[in-house]
2 protein chains.
Amino acid sequence: MRCVAETRYPHEVLGVVLSVRDGRLSALLWRRAEKPFVGRWALPGGILGADERLGTAVARHLARKVDIQEIAHLEQLETRSDPKRDPRGRVLATAYLGLVPAGAEPDLPDDTAWHPVDALPRTAFDHGSIAESGRARLRAKLSYTTIGYALAPDTFTISQLRDIYGAALGHEVSATNLQRVLLRRGVLVPTNSTVAPTRSGGRPAAVYRFRDRNLLVTNEFAAFRPGPA
Amino acid sequence: MRCVAETRYPHEVLGVVLSVRDGRLSALLWRRAEKPFVGRWALPGGILGADERLGTAVARHLARKVDIQEIAHLEQLETRSDPKRDPRGRVLATAYLGLVPAGAEPDLPDDTAWHPVDALPRTAFDHGSIAESGRARLRAKLSYTTIGYALAPDTFTISQLRDIYGAALGHEVSATNLQRVLLRRGVLVPTNSTVAPTRSGGRPAAVYRFRDRNLLVTNEFAAFRPGPA
DNA sequence: GCAAAAGTGTTACAATTACACCCATGC
DNA sequence: GCATGGGTGTAATTGTAACACTTTTGC
């Protein structure tokens, strides 16, 4: 095989893995021990294998940082191509958005931790801005798809879901209205169980789950809907 | 430079260039004269240059098929990585969505033509499915952003805009409601001119234009809006 | 005058938000 | 009993769709 270096490029995959931890939307980052950017925090990822697809590659690399079973949703985000994004030389990077349910407590390597996305530490490369893209994608999709299923545990109370949506959206969400919107759209179904209140009292909370553990679009046309025909 | 072929990949860019022609949403395709896929229709594009960004590359390649000035909007769509997507060998492809206003009549090379996206001819590679992704992205954004500006001429009547939205969305759109929705959102501003009716008569139509020739999000939260605070 | 196309007024409908009020439990 | 969190009923608000009607032109 003739090798024309100028027209072939190293390609890496990166994961913006988001989850609500301690009430804040957080990203999974690991701390670099080597140059460049020693000590700075980076998105998990790695290089694309020879006969591998991008989605497969990102899942493979994420598995080294987090139990891959915990990732409830994974979708392609964008591809970065700035020739100077890596000081060592040109590397194309395709980023994916991954979501981990709140409540899951996957074991993490020592160099890896969750960081709230609105207070990221100093990041390596362009990873800070890629994480921001991931957050924007999540926020946009929360209101017109069922993407929230991937941030919530299997079963949950409305208050728990309210806190999750609030953390992801970055503003307060009313439990009352959240419940009704999701029930009307048919994405939420009640289980028959309830959860005992905490020591401070209160009525036992009903437990719900998402009807479907896949991404569904529930509000395709915000305007200009097709007629009844 | 040592060349490790297994970890470097050729990378191409592709453009899903859409425009409403003769009342139908159409994609710009060119007919292949060489193997593979001789005679089939392909998306315009080409390889990524050594120190080039993806967006720059796609603009450069599109310029060979269409007057680049006519492309009013260009955004990254997705990156395809199936190792078998090109029978000659592995090539990664990053697709962009480009929009050309209706009414623009750019000169096209002999091998290039507009094809309605709901009746595409036999396409080369995975280009048919990439074009479909482009159409889906456009449809989704039409109802909550001002992306329509890039499909419409500088100035237009509501009926013309109705036809453009109808073609892009794939269903009838009422001129009455289209006008009101866009006026209320403040994205449409009336000019003071009118257009004479056609020979079949009718009241002269008022001429409008978009307030802003950039992509704006007008309906960020379909639900779970932040409160007035 | 009549047909055709454009545009306006009004009503109807749907989805979401806001808020008052009732419910069930622990202490 | 009463504080606390959970949940329901109902109204208010907003946004969109439907449709009748008026306006302005060509013939």
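Being a predicted model, the structure only gives us computed values, none of them experimental. Here is how names work: the chains are called A, B, and so on, in the same order as the sequence lines, proteins then strands, and each is numbered from 1.
Between the CG atom of B/N219 and the C1' atom of C/dT16 there is a distance of 12 Å, given to the nearest Å. If you measure from atom CG of A/N177 to atom C1' of D/dT13, you get 12 Å, rounded to the nearest angstrom. The interatomic distance linking B/Y144 (OH) with D/dT16 (P) rounds to 15 Å, in whole Å. If you measure from atom CG of B/L178 to atom P of C/dT8, you get 13 Å, rounded to the nearest angstrom. Distance B/L182 CG to D/dT16 P: 10 Å, rounded to the nearest Å.
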Check: Can you check side chain to side chain contact (heavy atoms under 4.5 Å, CB included) on A/L77 and A/Y96, steps first, answer last?
Finding: CA-CA 5 Å; A/L77 199 52; A/Y96 277 73; 5.7 Å; no

What do the steps show when you test A/F224 against B/Y144 for ring pair (Phe, Tyr, Trp, His ring centres under 6.0 Å), and what is the final call?
CA-CA 10 Å; A/F224 317 129; B/Y144 68 92; over 10 Å; no

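For the pair B/R135 (side chain) and B/A27 (backbone), a donor-acceptor distance under 3.5 Å is absent. Remark: the backbone N or O of A/S26 is not paired with any side-chain donor or acceptor of A/R21 at under 3.5 angstrom.
Contact check of residues 184-194 of chain A against DNA chain C (heavy atom, cut-off under 4.0 Å) returns A/R184, A/R185. At a non-hydrogen distance threshold of 4.0 Å, B/I158, B/S159, B/R162 from residues 146-165 of chain B come into contact with DNA chain C.
Between the side chain of B/R180 and the base of D/dG15 there is no donor-acceptor pair of N/O atoms closer than 3.5 Å.
Taking 4.0 Å as the cut-off between side-chain N and carboxylate O, B/K141 and B/E75 count as a salt-bridged pair.
For A/P204, whose side chain is taken as the heavy atoms from C-beta onward, the closest listed nucleotide among D/dA17, C/dA24, D/dG9 is C/dA24. The side chain of A/T176 approaches D/dG9 more closely than any other nucleotide in the set D/dG9, D/dT16, D/dC19.
The side chain to side chain donor-acceptor pair (under 3.5 Å) test applied to A/H115 returns no partner, not counting sequence neighbours.
Annotation: of the two residues near DNA chain D, A/F224 and A/A205, the 5′-most nearest-nucleotide partner is A/A205. Mapping B/Q179 and A/S174 onto DNA chain C by nearest heavy atom places B/Q179 closer to the 5' end of the strand.
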Going by atom type alone, with no hydrogens or angles, which donor-acceptor pairs under 3.5 Å involve a side-chain atom of residues 184-191 of chain A and a protein atom two or more places apart or on another chain?
unit_1 : atom_1 : unit_2 : atom_2 : d
A/R185 : NH1    : A/S143 : O      : 3.2
A/R185 : NH1    : A/T218 : OG1    : 3.3
A/R185 : NH2    : A/S143 : O      : 3.3
A/T191 : OG1    : A/S193 : N      : 3.4
A/T191 : OG1    : A/S193 : OG     : 3.1
A/T191 : OG1    : A/V207 : O      : 2.7

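Applying the salt bridge (Lys or Arg N to Asp or Glu O under 4.0 Å) test to pairs two or more places apart or on separate chains, none has a residue in residues 156-169 of chain A. Residue pairs meeting the salt bridge (Lys or Arg N to Asp or Glu O under 4.0 Å) criterion with at least one partner in residues 57-66 of chain B, sequence neighbours excluded, are B/E52-B/R60, B/K65-B/D111.
Counting non-hydrogen atoms under 4.0 angstrom, B/A175 reaches nothing in the nucleic acid.
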